Participant: 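Below: one structure in structure tokens.
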Amino acid sequence: MSNKIVLIDGHSILNRAFYGLPDLTNSEGLHTNAIYGFLTIMFKILEEEKPEYLTVAFDVHAPTFRHKMYAEYKGTRKPMAEELRQQVPVIKEVLHAMGVLTIECAGLEADDLLGTLSKRCEEKGMEVSVISGDRDLLQLATDHVKIRIPKTKQGRTEVEDYYAKDVKEKYQVTPQEFIDLKALMGDASDNIPGVPSIGEKTATKIIAEYHSIENAHDHVEELKPPRASKALREHWDMAVMSKKLATINVTADFPYELYEAKLGSLYTEEAYDYFQKLQFKNLLSRFDVTKAAEKVEEGFLEISDLYTAKQVFLEAAGAECVGACIFKNGKDVLPLFADQAQMGGIGLCFQKDKSYCIRTGEGISEKWLLERLSETAGSAGRFVMFDLKEALAYLRLEDPKNCFDATVAAYLLNPLKNNYTYEDVAREQLEILIDEKAKEQVKVCYEAYTAYRASSLLWDKLKECQMDRLFADIEMPLVFTLYDMEKNGVKVEAEALKFYGSQLGSKIAELEKEIYEDAGETFNINSPKQLGVVLFENMKLPGGKKTKTGYSTAADVLEKLAPDYPIVAKILEYRQYSKLKSTYADGLANYIGEDKRIHSKFNQTITATGRLSSTEPNLQNIPVRMELGRLIRKVFIPEDGYVFVDADYSQIELRVLAHCSGDQNLIEAYREAEDIHRITASQVFHVPFEEVTSQQRRNAKAVNFGIVYGISSFGLSQDLSITRKEAAQYIEDYFKTYPGIKSFLDDTVKHAKEMGYVVTLFGRRRPVPELSSSNFMQRSFGERVAMNAPIQGTAADIIKIAMIGVHKRLKGRQMKSRLVLQVHDELLIEAYQPELSEVKEILREEMEKAVSLDVPLEVDMHTGENWYEAK
DNA sequence: TTAATCACG
DNA sequence: ACGTACGTGATTAAC
């Protein structure tokens with residue numbers, strides 16, 4: 001027979017969770033971190049204790065007796081953060097949905113409820129666990145009442161347990177005496193003043209000896225040290241009041257029926273809906289797989305004989321919609337050589353209550369299976385997969401128009417997520433939970449099934465958000481373009497790269513030696529921590545602290561010291577060389593394939609704004625700004641008989657801004673100007689075009705950049721090393737010159753605050769949940785994001801259109817020239833010599849005519865025998 | 001796994 | 001009063 005009860009201090013645990021976890025929001029912008037943390041802690045406790053009863057106590061937000069007393073003493077409590085406040089009613093609803101009893105009582109604090117309940121339950125002979133983040137509650141500990149204090153340490157929650165003996169052990173006082181201890185030492189977090197000049201040490205000594213403040217007061221003359229004796233005499237009233245404040249009422253009168261606290265199943269349907277809405281994905285796995293899912297699985301079939309497989313493909317021919325997946329066998333194979341990867345088989349689903357897992361094997365060859373799948377895809381009304389780009393390595397798809405990449409669709413609907421797996425989509429769109437431990441064939445069937453079922457739901461949502469055109473006309477065709485780019489890769493001269501690396505290596509060794517000599521000791525220069533200690537403590541350079549963990553040794557800090565201290569200059573140089581060597585020289589070498597080419601990945605579902613990202617390796621951040629780094633571009637070369645053509649948009653983001661804002665002045669400027677920063681300077685600073693100084697131009701350029709980033713006076717002042725006031729003046733002058741921009745940015749932020757998202761010219765959305773934050777910094781960040789995302793995103797849309805156009809024309813004419821890289825506003829083509837002039841024409845046309853704006857889109861183009869020359 | 005740093009647009 | 005520019009990815013050290 002279990003006779004255990006768990007009592008939770010609701011607000012205290014919410015608070016712990018709120019401050020212990022990073023800010024989380026669901027897609028509606030509701031903050032959820034405290035709720036999530038609370039539930040995690042609660043589940044952990046319940047699993048450990050397996051109690052029969054559970055009750056969560058909350059404070060009522062009317063002033064209570066103890067607060068009122070304190071308010072008279074000194075002001076009021078700090079108000080609760082808005083992000084936390086909004087989570088309080090939600091956790092109560094969630095608990096209710098799980099059948100957990102919550103109590104609150106006007107005029108009583110949660111402490112009093114907990115104290116009274118723990119006493120009542122103990123008297124009934126029950127074992128009691130009280131969960132709180134507050135040490136106050138330690139006074140409730142007995143042999144049968146355990147106080148449990150959860151601590152979040154690096155993401156993991158550990159719980160400290162206190163029975164009466166543990167309190168005594170740790171604090172040298174009994175739980176009862178703990179009240180007196182608090183009365184003397186006070187507790188800032190619980191607004192208990194205590195006696196001035198008596199701290200933890202003294203208080204413990206006094207209470208351990210005299211056991212109560214009253215007894216201590218009776219012997220006040222004997223108290224040591226004299227300071228404490230004096231304090232207690234002079235502030236006796238404070239001690240008495242503090243004791244009253246610190247005492248938890250264990251005989252409060254409120255209605256409570258134990259049977260109501262009896263635990264049933266927490267995992268109810270209602271609770272599931274809440275968890276779904278709150279997007280607590282890993283908590284959802286606690287719910288039993290739904291009955292509906294069990295029914296779905298009845299229709300799953302594993303096939304490994306040719307005859308049945310043939311039947312299935314016959315049935316699938318001409319289906320309205322086909323969902324599919326391809327799975328590998330055994331260990332992962334390098335994606336570069338996906339063609340050679342060992343295939344385990346495929347998943348296939350083309351009707352709502354059946355899904356197949358077809359394995360390769362004796363009767364069924366890989367080749368045959370892929371051919372059938374390709375045919376099926378071709379004849380389908382719609383062919384749906386997750387991560388279609390990866391699958392293209394296996395399939396021959398003739399007409400991309402009927403293809404639907406569910407990963408990309410899910411990304412467009414919410415670009416802020418980290419991943420878009422079929423499990424996620426099944427849960428979000430189909431409300432099906434997939435058991436992680438399910439057998440391979442079941443998972444394979446689920447993936448195909450999810451692709452089949454979710455595509456129409458995703459498509460409807462895309463239409464609802466007016467992203468259907470963006471999806472069908474830009475993102476889906478782009479999948480094919482990116483696949484070809486990845487397959488093409490870019491040729492790299494391994495020998496030259498190796499030589500470059502070894503040169504850097506000797507330079508690094510030289511600098512290392514000099515730095516150790518200057519410092520008078522050896523240390524790891526790559527460790528910011530060690531470096532900080534050497535520079536700012538051992539060598540006593542000025543410029544002290546900056547980060548939480550120690551000194552900042554970032555470049556902008558060191559640059560200020562470099563002119564005066566040769567060692568700092570050497571460190572900066574060392575950093576530069578070692579970055580080049582580790583990331584670029586050595587880093588890139590690891591990715592050169594047998595074909596002497598690097599096949600970097602272009603990711604389509606990573607960024608919040610719609611840009612692409614490049615990984616394994618990242619070819620979008622190859623050095624260019626510094627000559628030394630720029631040299632590395634010489635190792636990127638075209639195939640024999642080919643040349644590079646590199647084209648980049650000139651200030652595409654600013655042009656997008658000019659168009660979207662409709663600011664006549666800026667539009668005019670772009671229609672005429674050769675040099676937009678100069679013309680901006682001329683207009684903002686009211687000087688003739690010819691008389692603009694280089695300083696003025698630099699400033700104007702910085703303002704132009706700032707505008708695109710979502711301007712702030714602080715940011716601009718940092719960039720230009722001027723005061724905030726001066727920066728604010730620049731911004732004001734800029735907006736005076738271009739009033740259309742000011743109103744556009746204001747309108748964008750306003751729209752974002754109303755709708756919760758911003759939109760690009762082509763309908764791409766980015767949610768901005770930060771805008772509803774009560775935290776100034778977070779909200780300001782949201783405002784900058786709202787200003788930047790439509791601009792950066794529209795530019796991304798435009799170059800995507802250009803890429804598709806270029807790709808289509810090159811392919812359509814069966815040219816040998818190929819697109820190899822995209823770097824946000826730049827395209828690199830490996831052009832077959834005889835096709836060079838045609839390629840240049842195509843590239844310019846497709847880029848300039850990707851979209852018609854109110855300002856011209858200008859493209860700079862260069863050719864060369866390597867990337868260094870072509871840029 | 002996270003924080004710091006630095007490469008790019 | 002708050003304390004930052006927007007968007008990425010790779011490497012390294014240190015927990």
Side-chain angles (χ1 to χ4, degrees), chain A residues 22 153-156 415 523-532 546-558 571-572 574-588 590-591 600-603 606-626 628-630 632-633 648-649 651-653 657 702-703 705-720 724 727 731 758 766 768 770 773-793 795-796 799 821-826 871:
Chain A
K153 273 183 187 169
Q154 288 165 349
R156 230 175 289 165
F523 60 101
N524 188 343
I525 307 171
N526 284 319
S527 161
K529 200 176 167 184
Q530 293 182 35
L531 180 61
K546 213 179 166 190
T547 59
K548 298 161 233 174
T549 48
Y551 305 99
S552 169
T553 66
D556 58 337
V557 176
L558 298 189
I571 287 163
L572 283 168
Y574 173 92
R575 281 239 180 106
Q576 218 181 358
Y577 285 108
S578 75
K579 175 92 179 180
L580 289 173
K581 180 161 163 59
S582 65
T583 305
Y584 299 104
D586 301 346
L588 290 178
N590 293 326
Y591 288 97
S600 157
K601 278 185 170 174
F602 288 100
N603 312 296
I606 299 287
T607 71
T609 54
R611 276 188 176 181
L612 299 176
S613 97
S614 161
T615 52
E616 302 172 62
N618 181 356
L619 291 185
Q620 290 182 323
N621 71 346
I622 303 301
V624 68
R625 293 174 190 169
M626 306 282 266
L628 179 71
R630 192 174 189 147
I632 207 163
R633 293 181 172 231
D648 68 283
Y649 282 114
Q651 294 139 6
I652 186 169
E653 292 184 342
L657 177 63
V703 178
F705 266 96
I707 292 287
V708 171
Y709 290 157
I711 193 104
S712 75
S713 54
F714 186 90
L716 184 65
S717 69
Q718 283 278 299
D719 190 53
L720 285 176
R724 260 178 72 174
I731 294 167
V758 287
R766 160 154 190 188
V768 195
E770 296 87 349
S773 170
S774 66
N775 178 297
F776 173 85
M777 220 183 67
Q778 292 237 344
R779 207 170 50 246
S780 306
F781 174 70
E783 287 167 4
R784 294 195 295 272
V785 161
M787 293 189 257
N788 170 267
I791 304 170
Q792 191 183 118
I799 196 161
L821 293 180
Q822 186 253 41
V823 193
H824 309 308
D825 66 350
E826 169 191 359
K871 177 76 185 155

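A note on names: the letters A, B, ... follow the listed sequences, proteins ahead of strands, and every chain is numbered from 1. The shown structure was predicted, so the numbers you read here are calculated from the model rather than taken from an experiment. Side-chain atoms are counted along with the backbone in the values below, which use heavy atoms only and exclude waters and symmetry mates.
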Participant: Can you measure A/Phe602 atom CZ to B/dG9 atom P for me and round it to whole angstrom units?
Facilitator: 14 Å
Participant: Please indicate whether A/Phe705 has more than 12 foreign heavy atoms, meaning atoms of other residues, nucleotides or ligands, lying under 6.0 Å from its CZ.
Facilitator: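 For A/Phe705, atom CZ is not crowded (no more than 12 foreign heavy atoms under 6.0 Å).
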Participant: Determine yes or no for a side-chain-to-main-chain donor-acceptor pair under 3.5 angstrom, with A/Thr583 supplying the side chain and A/Gly587 the backbone.
Facilitator: no
Participant: A/Asn788 side chain: which of C/dG7, B/dA7, C/dC15 is closest?
Facilitator: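 The closest nucleotide is C/dG7.
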Participant: Would you say A/Arg784 reaches C/dC6's phosphate, i.e. side-chain N/O to OP1/OP2 under 4.0 Å?
Facilitator: yes
Participant: Among the nucleotides C/dT8, C/dA13, B/dG9, which one has an atom lying closest to any side-chain atom of A/Tyr709?
Facilitator: B/dG9
Participant: Is any side-chain N or O of A/Asn621 closer than 4.0 Å to OP1 or OP2 of C/dT8?
Facilitator: no
Participant: Let's see if you can work this out: which of B/dC6, C/dA13, C/dG3 has an atom nearest to the side-chain heavy atoms of A/Asn524?
Facilitator: C/dA13
Participant: Under 4.0 Å, heavy atoms only, any strand: does A/Ala789 hit a base, just the sugar-phosphate, or nothing?
Facilitator: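 A/Ala789: no heavy atom of the nucleic acid under 4.0 Å.
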Participant: So which nucleotide from C/dA5, C/dA14, B/dA7 ends up closest to the side chain of A/Lys579?
Facilitator: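 Nucleotide nearest to A/Lys579's side chain: B/dA7.
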Participant: With a cut-off of less than 4.0 Å, is there a side-chain N or O of A/Arg766 near OP1 or OP2 of C/dG7?
Facilitator: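 True: A/Arg766 side-chain N/O within range (under 4.0 Å) of C/dG7 OP1/OP2.
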Participant: Roughly how many Å is it from OH in A/Tyr649 to P in B/dG9, rounded to a whole number?
Facilitator: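 Roughly 16 Å, once rounded to whole Å.
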Participant: Between the side chains of A/Arg724 and A/Ser712, is a donor N or O closer than 3.5 angstrom to an acceptor N or O?
Facilitator: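 No, because no side-chain N or O of A/Arg724 sits under 3.5 Å from a partner of the opposite role on A/Ser712.
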Participant: Do you know the tightest heavy-atom contact between A/Leu628 and A/Leu580?
Facilitator: CD2-CD1, 3.6 Å
Participant: Could I get the full list of side chain to side chain donor-acceptor pair (under 3.5 Å) partners for A/Ser774, not counting sequence neighbours?
Facilitator: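 Partners of A/Ser774 under the side chain to side chain donor-acceptor pair (under 3.5 Å) test: A/Glu83.
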Participant: Do A/Lys871 and A/Ile622 have side-chain heavy atoms sitting under 4.5 Å apart?
Facilitator: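 A/Lys871 does not reach A/Ile622 side chain to side chain.
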Participant: Should A/Gln778 be listed as having a side-chain N or O under 4.0 Å from OP1 or OP2 of C/dT4?
Facilitator: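 Negative; the distance criterion is not met.
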Participant: Choosing from B/dA7, C/dA10, C/dC2, which nucleotide comes nearest the side chain of A/Pro623?
Facilitator: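 Of all the options, the side chain of A/Pro623 is nearest to B/dA7.
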Participant: Can you figure out which of B/dG9, C/dG9, B/dT5 approaches the side chain of A/Thr553 most closely?
Facilitator: B/dT5
Participant: Could you tell me whether A/Val624 contacts a base, only the sugar-phosphate backbone, or nothing, with contacts defined as non-hydrogen atoms closer than 4.0 Å?
Facilitator: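 Contact class for A/Val624: sugar-phosphate only.
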Participant: Expressed in whole Å, how much space separates the C1' atoms belonging to B/dA7 and C/dC2?
Facilitator: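 Looking at atom C1' only, B/dA7 and C/dC2 are 31 Å apart.
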Participant: When all nucleic acid strands are considered with a 4.0 Å heavy-atom cut-off, which category describes A/Ala702: base, sugar-phosphate, or nothing?
Facilitator: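 It contacts base atoms.
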Participant: Would the distance check show the side chain of A/Asp648 and the main-chain N or O of A/Asp825 forming a donor-acceptor pair, the cut-off being under 3.5 Å?
Facilitator: no
Participant: C/dG7 C1' sits how many Å from A/Ile799 CD1, rounded?
Facilitator: 15 Å
Participant: Taking the P atom in each of C/dA5 and B/dC6, what is the distance between them to the nearest angstrom?
Facilitator: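 Nearest-Å result for C/dA5 against B/dC6 at atom P: 14 Å.
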Participant: In whole Å, I'd like the distance from the CD atom of A/Glu770 to the P atom of C/dA5.
Facilitator: 15 Å
Participant: Assign A/Glu826 to base, sugar-phosphate, or nothing according to its heavy-atom contacts below 4.0 angstrom with the strands shown.
Facilitator: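 Nothing, no nucleic acid heavy atom in range.
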Participant: Check whether any side-chain N or O of A/Ser614 sits under 4.0 Å from OP1 or OP2 of C/dG9, and answer yes or no.
Facilitator: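 No, outside the criterion.
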Participant: Could you check whether A/Gly710 gets within reach of a base, just the sugar-phosphate, or nothing at all, counting any heavy atom under 4.0 Å?
Facilitator: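 A/Gly710: no heavy atom of the nucleic acid under 4.0 Å.
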Participant: In terms of side-chain heavy atoms of A/Arg611, which of C/dA10, C/dG7, C/dT11 is nearest?
Facilitator: C/dG7
Participant: Does A/Ser613 make a side-chain N or O approach to OP1 or OP2 of C/dG9 shorter than 4.0 Å?
Facilitator: yes
Participant: What does A/Ser712 touch in the nucleic acid at a heavy-atom separation under 4.0 angstrom: a base, only the sugar-phosphate, or nothing?
Facilitator: base
Participant: Are the side chain of A/Ser773 and the backbone N or O of A/Asn775 linked by a donor-acceptor pair below 3.5 Å?
Facilitator: yes
Participant: Between A/Arg625 and B/dG9, does any side-chain N or O lie under 4.0 Å from OP1 or OP2?
Facilitator: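 Yes, because at least one side-chain N or O of A/Arg625 sits under 4.0 Å from OP1 or OP2 of B/dG9.
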Participant: Is any side-chain N or O of A/Ser578 closer than 4.0 Å to OP1 or OP2 of C/dT12?
Facilitator: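 Negative; the distance criterion is not met.
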Participant: Calculate the interatomic distance between A/Asp825 atom CG and C/dG7 atom P; express it in whole Å.
Facilitator: 17 Å
Participant: Any side-chain N or O of A/Lys601 less than 4.0 Å from the OP1 or OP2 oxygen of C/dG9?
Facilitator: no
Participant: When you get a sec, tell me which of C/dG9, C/dT8, C/dA13 is the closest nucleotide to the side chain of A/Asn603?
Facilitator: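 Looking only at side-chain atoms, A/Asn603 lies closest to C/dG9.
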Participant: What nucleic acid atoms does A/Gln718 come within less than 4.0 Å of, heavy atoms only: base, sugar-phosphate, or nothing?
Facilitator: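 No contact at all - A/Gln718 keeps every heavy atom at 4.0 Å or more from the nucleic acid.
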Participant: Just how far, in rounded Å, is C1' of C/dA10 from CD1 of A/Ile606?
Facilitator: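 Rounded to the whole Å, the gap is 14 Å.
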Participant: When you measure from the side-chain N and O atoms of A/Arg575 to the phosphate of B/dC6, is any distance below 4.0 Å, counting only OP1 and OP2?
Facilitator: yes
Participant: Between A/Gln530 and A/Ile525, is there a donor-acceptor pair closer than 3.5 Å when you use the side chain of the first and the backbone of the second?
Facilitator: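 No: the side chain of A/Gln530 does not pair with the backbone of A/Ile525.
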Participant: Nearest whole Å is fine: how far is C/dA5 C1' from A/Glu783 CD?
Facilitator: 13 Å
Participant: Tell me which nucleotide among C/dC6, B/dC6, B/dG9 gets nearest to the side chain of A/Val823.
Facilitator: B/dG9
Participant: Using whole Å, report how far CG of A/Leu821 lies from C1' of B/dA7.
Facilitator: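 Value for this atom pair: 16 Å.
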Participant: Across the strands shown, which category fits A/Ala555 at heavy-atom distances under 4.0 angstrom: base, sugar-phosphate, nothing?
Facilitator: sugar-phosphate
Participant: Mind running side-chain hydrogen bond (donor to acceptor under 3.5 Å, both in side chains) on A/Thr553 and A/Arg575 for me, showing each step along the way?
Facilitator: CA-CA 11 Å; A/Thr553 66; A/Arg575 281 239 180 106; 2.7 Å; yes
Participant: Quick check for you: to the nearest 0.5 Å, what is the distance between A/Phe602 atom CZ and A/Gln620 atom CD?
Facilitator: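 It comes to 6.0 Å.
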Participant: Would you measure the distance from the P atom in B/dA3 across to the matching atom in C/dT4 and give it in whole Å?
Facilitator: 15 Å
Participant: The side chain of A/Phe781 is closest to which nucleotide in this list: B/dG9, C/dA10, C/dC6?
Facilitator: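 Closest nucleotide among those given: C/dC6.
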Participant: In what stems does DNA chain C take part, counting only runs of at least 3 consecutive Watson-Crick or G-U pairs whose two distances fall under 3.5 Å?
Facilitator: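 Stems for DNA chain C, defined as runs of 3 or more consecutive pairs: B:1-9 with C:6-14.
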